[in-house]
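The block underneath contains the structure these notes are about, expressed in structure tokens.
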Amino acid sequence: MLWSVLGFLVSLTLLTGLALWVVKWAIYRFFAYEERMAERQLIERMEDAEANRAICDGLAAFGPGRAHIWAGVVSGASVVLAVPFFHMLYALWVRLIMTFTDTPGMRAEVFNTNMTQIKGYLPSVLIYTLIFGLAGAYYAIRRRRHLQTDKTYPIINVPAVEITGMMVGWILYYLVAVLPPSFSSWDSNYGGMLTLSGGWVWVGSGLLMTMYLRTMQNALLWATYRYRWPIAVPAIIQMIALRNLGLPPTVIKKVELDEAAGAAIITAEVDAIDADRLRDSVYAIPGLRRPKVVALGPPPGTAARIGTQLAPRMRPLPPRAFKRKEGPPKGYGAETNLLDSVDTNGEPNSGSNPK
């Protein structure tokens, strides 16, 4: 028994050292690969949570192609595929421990039992993988549409995409409860999950599912666009214009990028005020150091705004100008009183030119 325990500890130490060496080797190789990409910009996580949220939502809402759908499919399917994967790891770990504590016959029997269990529920895993994958794709599509309009339910002030994720979680919980664990026998299910004792888990399943799908999809989008800076930046700029400036993403007409210099020329239908705000906001994008906004003017039908850079004669009158006995201050093009004022005798003037 003592030699078995010592052998197990030595084997565990060697396996742990081997695993750490493999991890370090992979990390160093990864860093060496990134060093060879010195002239390329990377989509990295920032210290500002709001900037990270804008990046993730921008990739999910305006990213080109169908990467957001595939990220949703993998996010949903991974929930089910994790069951046989971790079951297999558990079986291998038990088999390793039993190498030092049990006979060969017992080790083979326990390992075969685990493999038989995995093989038994594998058809159900495949069906549930399809169901959860479709649910993840539906969530990704709905999330894209909700983020493009930044829709929020006014009464409860919750983003519409979160409500969609909770509905997906509740429906999936219901399907897991009513569908049989083994499709060879349809007379049994997990209906107890819907009873009063298990119903409280149903309430939390919606919140957990929307958090998982959002987090997993964001992680996959980060990995997809990490080395595709020129493709990711226009989508992020559109989300910044929508969320930070309250402008429709259609105002961004063209984005010209210089990846080596970290520069961008953004052509947008904005006025001078929003052009400055947009330029200041896009500095949050990783790797973007020299942004320039070309303002085409506000879109047709948009009310014009008066900026602070106008001449004093064209500026709006300050509110206190109407309370001054001597009228508005000089420089506002109002050498006469615009409103009736009270003269020194206590009688109101007619508002005409002073004599």
Side-chain angles (χ1 to χ4, degrees), residues 43 45-46 48-79 131-175 202-225 228 231-253 255 268-270 274 277-278 281-282 284-285 299:
I43 300 296
R45 293 191 65 85
M46 310 295 288
D48 187 2
E50 290 295 331
N52 292 330
R53 189 175 299 110
I55 294 173
C56 294
D57 292 345
L59 297 177
F62 304 106
R66 302 182 181 275
H68 66 288
I69 298 180
W70 290 113
V73 171
V74 175
S75 300
S78 61
V79 178
I131 295 175
F132 275 67
L134 293 176
Y138 172 78
Y139 171 81
I141 294 173
R142 297 300 301 176
R143 182 189 182 191
R144 188 179 185 91
R145 295 179 180 176
H146 290 325
L147 289 176
Q148 287 178 350
T149 58
D150 204 16
K151 182 179 179 181
T152 302
Y153 288 104
I155 298 178
I156 55 179
N157 196 26
V158 175
V161 63
E162 302 298 340
I163 301 298
T164 300
M166 286 190 286
M167 293 296 296
V168 169
W170 291 331
I171 294 174
L172 291 178
Y173 185 95
Y174 178 81
L175 291 177
W202 189 359
V203 177
S205 64
L207 181 61
L208 292 177
M209 181 56 66
T210 187
M211 293 174 58
Y212 176 80
L213 289 177
R214 182 181 67 252
T215 304
M216 189 65 178
Q217 187 187 19
N218 289 344
L220 293 174
L221 290 175
W222 275 99
T224 301
Y225 290 99
R228 304 171 69 187
I231 300 177
V233 168
I236 301 172
I237 291 176
Q238 287 181 291
M239 178 55 65
I240 290 177
L242 174 64
R243 185 159 295 172
N244 292 18
L245 280 68
L247 300 174
T250 53
V251 301
I252 307 298
K253 297 302 180 183
V255 179
E269 287 186 335
V270 294
D274 285 331
R277 296 173 59 200
L278 180 60
S281 298
V282 297
I285 300 176

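Just the heavy atoms: all of them, side chains too, but no hydrogens, waters or symmetry mates, feed the values below. This one's a predicted model, so the numbers in the text were calculated from it and none came from an experiment.
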Roughly how far, to the nearest 0.5 Å, is CD1 of Ile236 from OG of Ser281? 13.5 Å
Is the backbone of Thr210 close enough, under 3.5 Å, to the side chain of Glu162 for a donor and an acceptor to pair up by distance? no
Do you know the tightest heavy-atom contact between Ser75 and Ala71? OG-O, 2.6 Å
Is Tyr139 close to Gln217 at the side-chain level, that is, under 4.5 Å between some pair of heavy atoms? yes
Output the distance between atom CG (Leu208) and atom OH (Tyr173), rounded to the nearest 0.5 Å. 11.0 Å
Let me confirm one number: the OG-CG distance from Ser78 to Leu213, rounded to the nearest 0.5 Å. 8.0 Å
Name the residue from Leu59, Asp57, Asn244 that meets the side-chain contact (heavy atoms from CB on, under 4.5 Å) definition with Met239. Asp57
Which heavy atom in Gly76 sits nearest to a heavy atom in Phe132, and how many Å separate them? O-CB, 3.2 Å
Can you name the closest pair of heavy atoms from Ala67 and Tyr225 and give their distance? CB-OH, 3.7 Å
What's the spacing between Thr164 OG1 and Arg143 CZ if we round to 0.5 Å? 11.0 Å
Determine whether Arg243 and Leu147 satisfy the following criterion, side chain to side chain contact (heavy atoms under 4.5 Å, CB included), listing intermediate values before the conclusion. CA-CA 10 Å; Arg243 185 159 295 172; Leu147 289 176; 3.8 Å; yes
Evaluation steps, side chain to side chain contact (heavy atoms under 4.5 Å, CB included), between Val270 and Leu245: CA-CA 10 Å; Val270 294; Leu245 280 68; 5.6 Å; no
For Gly58 versus Ala235, what's the shortest heavy-atom pair and its separation? O-CB, 3.6 Å
Say you draw a straight line from CE of Met216 to CG of Leu221; how long is it, rounded to the nearest 0.5 Å? 11.0 Å
Is it true that atom CH2 of Trp222 has more than 12 heavy atoms of other residues, nucleotides or ligands lying nearer than 6.0 Å? yes
So OG1 of Thr215 and CG of Leu220: to nearest 0.5 Å the spacing works out to 11.0 Å
Please identify each residue that fulfils salt bridge (Lys or Arg N to Asp or Glu O under 4.0 Å) with Arg53, with sequence neighbours left out. Glu50
Would you check, one step at a time, whether the test side chain to side chain contact (heavy atoms under 4.5 Å, CB included) holds for Leu278 with Ile252? CA-CA 10 Å; Leu278 180 60; Ile252 307 298; 4.0 Å; yes
So do the side chains of Ser205 and Leu172 get within less than 4.5 Å of each other, counting heavy atoms only? no
Might you confirm whether atom CE of Met167 has over 12 heavy atoms from other residues, nucleotides or ligands at distances under 6.0 Å? no
Salt bridge (Lys or Arg N to Asp or Glu O under 4.0 Å) partners for Arg144, two or more places apart: none
